[in-house]
Engineer: 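Pasting a structure here, questions to come.
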Amino acid sequence: MKLREFPYKKRKNIEWEEVFQNPRPISVQSFKTGSVIINRKGTINPDHPSTINIIDKEMEVPILAHWVHHDKKGDFLLDTGLDASYAMNPKGGLDGTDVDEFQQKKGENIAKHIKQNGIHLKMVFLSHLHADHAAGVRELPKNIPYVIVKGEYGEYHPEIHGDFLEGLEELYGIDFSQANYMPPLGPSVDLLGDGSLWAILTPGHTPWHVSFLVNSIDGPILLAMDAAFIHENLELGVTSSDYTWSVEKAQETLEKIIEFLKVYPQVKVGLGHEFVI
Ligand SMILES: [Zn+2]
């Protein structure tokens, strides 16, 4: 795999207030590409002082991909969800010592959504390299750029989780050392250069995880991705403890997101495993 630098320009002295005053012709629609069974007790950290009696219970939650359409710049994906191989096989046909298992109904796969909606995909942004967010790459065009945060590729372990990026020859990495610092969230990158779509560094779930902000005319939408799995993470102010690289960092990130939503109540939010609320 060849790693290339994702080109972007730092904006001058920009803050969220100004971004939201200049919405862009961009919209987002989320697709369900399968589902995953997660443990409620690991999804809401049982050791956090705000949690009492979190019941150990399995929950089936959707595996999502988000289609972003910009009237002038075209179609993009934020995460890919799953390709069709999971309808036949919960491991998606992947080899590795610890391959994640997912459920999928026939026709839920990402390529089907792309075809059904007549999407002409220009680029794919990935929040992080976990199979439920990126395995769909296998059935998507290979002649377009795929973008992660520089550093996240170091978290990719095909020998353990399977080579779900198979067929991809290059990846673009965003260098966040040049990003705008935009409180209360932190380092943020204007991905398309017109303030319409932002990547925001939200470490914790993985070391280089990113969330996205879609600055739509209908109002801004924060797609937290796996910085918050379900609405209870936000409501209780408690991050996950399972499936998480650093609970401490994830908690810190979640608190920044909660603060951001408090300062900008007009922002709608979509979560890693829940549709926009
Ligand atoms: Zn994940």
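All ligand and atom numbering here is 1-based and tracks the order in the structure. Because the structure is a prediction, the values reported are computed rather than measured.
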Engineer: Regarding His205 and His130, is there a side-chain donor-to-acceptor distance under 3.5 Å anywhere?
Structural biologist: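 Yes, a side-chain donor-acceptor pair sits under 3.5 Å.
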Engineer: Looking at the Zn ion (ligand 1), is one of the N, O or S atoms of Asp226 less than 2.8 Å from it?
Structural biologist: yes
Engineer: For the residue pair Ser196 and Asn215, confirm or rule out a side-chain donor-acceptor distance under 3.5 Å.
Structural biologist: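 Side-chain D/A pair, Ser196 to Asn215: absent.
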Engineer: With rounding to 10 degrees, what does the angle His128:NE2 / the Zn ion (ligand 1) / His205:NE2 come to?
Structural biologist: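 Between NE2 of His128 and NE2 of His205, at the Zn ion (ligand 1), the angle is about 90°.
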Engineer: Any ion pair linking Asp75 and Lys122 (charged N to carboxylate O, less than 4.0 Å)?
Structural biologist: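 A salt bridge is absent here (no side-chain N lies under 4.0 Å from a carboxylate O).
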Engineer: Taking 2.8 Å as the cut-off, does an N/O/S atom of His130 lie below it from the Zn ion (ligand 1)?
Structural biologist: yes
Engineer: For His69 and Ser27, which I'm curious about, is there any donor-acceptor pair between the side chains at under 3.5 Å?
Structural biologist: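 No.
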